[in-house]
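Report on the structure given below.
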Amino acid sequence: MIIDQLDAPLEGSLRPTLPGRVYTDPEQFAAEQAQIFEQTWFCAVASSDVARAGDWRTVEIGRERLIVSRNRRGEARAFFNVCRHRGMQVCTEESGSSRTFQCGYHAWTYDLDGALVAAPNLTSMPDVDRATYGLRRAHVREWLGYVWVCLADEPPSFEETVHGEVVTRLGELHHLDNYGIERLQVAHRIRYDVAANWKLVVENFQECYHCATIHPELTEVLPEFADGWASQSGVNHGALFAPEVEGFTVDGSAGAAVIPEIAPDQDRRYYAITIRPNVFVNLVPDHVIVHRMFPVAADRTIIECDWLFLPEVVAAGTDVSKQVELFDRVNRQDFDACEKTQPTMSSRHYVDGGVLVPAEHHIGEFHDWVADRTGLQR
């Protein structure tokens, strides 16, 4: 773990960032895996990815591999993907559906609640307790149509942490409830492999000082973003669509059916929420965009992005390509910027880091959050 004494805050408009090594050092990344990703609530899979009993998907959270699945009662489950016999991964594919989980090494077999139900010669070993030698569970919570997992022995309060992030951003939880995200459906998903540290991605999402430079399509739809002030810098502020814009689309044309429960003051506005450590939620009148980050190395982050629409929009086969194209362009522009920033984090001229201008000062709270959890002294 890196322990650096950062410089005192600069005078006037500029404030210091984290030092460059925090984005490249394997020990710092290991500390983040252990103290952040393995100790907080992590948004793992869409509930629709494990819609039926026996459906499962494997994910990496911190240093661990997990099986996220659904049992016969329709309850979400998360198991450490470690056979209790000799430690082989029980599920070796990305996803599947099965009545049981069976290790491919010695055929130890577990039911959908993780209990050991069969193994060669198990009947001749009556002292082996099947519950004791079941798959180890992680804590699970379903919310917003996603399965959230916590690997900690004692998970933090979901309400104080996850819900709390939303309240900090929107003022009240019901402002998010208005979008009825649980009943929306995934109309499109794109998986991005980004050659950059996860913190660079979070910082990028939280500020719009770069928007006028690299997001021409976005600033046409949300003209206030061209001034450099992100909606996340104010409580419950949503960026207003340009007067001539009809929908959150790449050409400003009309979108799909508006989510009926949103409040009048939420119409024709874009809201963005960061739910640490790995989720971005983007709210617009006719759809919701959810990013889930999976940090896999100090310089590599997998990001899955889902575009969610009303069930009737998806069922009708409505063309949503213009909505998808707008934020896909934004994603690619952002991720390109992060990838071009990552190599210079190891430069001798970035040892002490850079600076935050006033439009970015709120990023400093994220830096404090990382430092507090990993022992990085500010």
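The residues of the chain are indexed from 1 along the displayed sequence. Predicted model only: the values in this text are computed from it and were never measured. Scope of the values below: all heavy atoms of this structure, side chains included, with no hydrogens, waters or symmetry mates.
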Pair Arg329, Glu325 - check salt bridge (Lys or Arg N to Asp or Glu O under 4.0 Å), show working.
CA-CA 6 Å; Arg329 288 193 190 186; Glu325 184 176 354; 2.4 Å; yes
Let me see the working for His362 and Glu207 under side chain to side chain donor-acceptor pair (under 3.5 Å), right down to the final yes or no.
CA-CA 8 Å; His362 57 285; Glu207 56 92 357; over 6 Å; no
Hey, mind stepping through Arg332 and Asp328 against salt bridge (Lys or Arg N to Asp or Glu O under 4.0 Å) and telling me if it holds?
CA-CA 6 Å; Arg332 294 182 189 279; Asp328 180 40; 2.9 Å; yes
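Between the Arg21 side chain and the Asp25 main chain, no donor and acceptor come within less than 3.5 Å of each other. Distance alone, capped at 3.5 Å, is enough to place a donor-acceptor pair between the Asn278 side chain and the Met293 backbone. Between the side chain of Asp113 and the backbone N or O of Ala115 there is no donor-acceptor pair closer than 3.5 Å. Gln342 places a side-chain N or O within 3.5 Å of a backbone atom of Asn197 that can act as its donor or acceptor partner. Remark: side-chain polar atoms of Asp111 are paired, donor with acceptor, to backbone N or O of Gly114 under 3.5 angstrom. Although no hydrogens or angles enter the test, the distance criterion places a donor-acceptor pair under 3.5 Å between the side chain of Glu339 and the main chain of Ala195.
Within 6.0 Å of CD on Glu160 lie no more than 12 heavy atoms contributed by other residues, nucleotides or ligands. For Gln185, the CD atom counts as densely surrounded, since its 6.0 Å shell holds more than 12 non-hydrogen atoms of other residues, nucleotides or ligands. Applying the 6.0 Å contact sphere to CZ of Arg99 captures no more than 12 heavy atoms from other residues, nucleotides or ligands. Heavy-atom contacts from other residues, nucleotides or ligands closer than 6.0 Å to CD of Glu154 number 12 or fewer. In the displayed structure, Arg52 atom CZ is contacted under 6.0 Å by at most 12 heavy atoms of other residues, nucleotides or ligands. No more than 12 heavy atoms of other residues, nucleotides or ligands lie within 6.0 Å of CD in Glu93, so this atom counts as exposed by the packing criterion. Open room surrounds CG on Asp153; 12 or fewer heavy atoms of other groups in view lie less than 6.0 Å from it.
Heavy-atom minimum distance, Phe101 versus Val90: CB-CG1, 3.7 Å. When every heavy atom of Thr219 is checked against every heavy atom of Ala226, the shortest pair comes out as CG2-N, 3.8 Å.
Between Arg268 and Glu246, none of the side-chain N atoms (NZ, or NE/NH1/NH2) sits under 4.0 Å from a carboxylate O, so this pair counts as no salt bridge. Comment: Arg276 engages Glu165 in a salt bridge, judged by a side-chain N to carboxylate O separation of less than 4.0 angstrom. Taking the charged nitrogens against the carboxylate oxygens, Arg57 and Glu304 do have a contact shorter than 4.0 Å, which makes a salt bridge.
Relative ring orientation between Trp108 and Tyr110 is described as tilted, the plane-to-plane angle lying within the 30° to 60° band. Using the six-membered ring where Trp is involved, Phe248 and His287 have ring planes that are tilted, between 30° and 60° apart.
Between His163 and Trp143, the distance separating the two ring centers is shorter than 6.0 angstrom. Two rings, from Tyr192 and Phe335, have their centers less than 6.0 Å apart. When ring centroids are compared, Phe225 and His210 stay outside the 6.0 Å threshold. The aromatic ring centroids of Tyr23 and Phe29 lie 6.0 Å or more from each other.
Judged by the 6.0 Å distance and 45° axis criteria, Arg141 is positioned over the aromatic ring of Phe158.
In this structure, the disulfide bond (SG atoms under 2.5 Å apart) partners of Cys211, at least two apart in sequence or on a different chain, are Cys208.
Inter-residue side-chain proximity for Trp198 and Glu32 is flagged as met; some heavy-atom pair is nearer than 4.5 Å.
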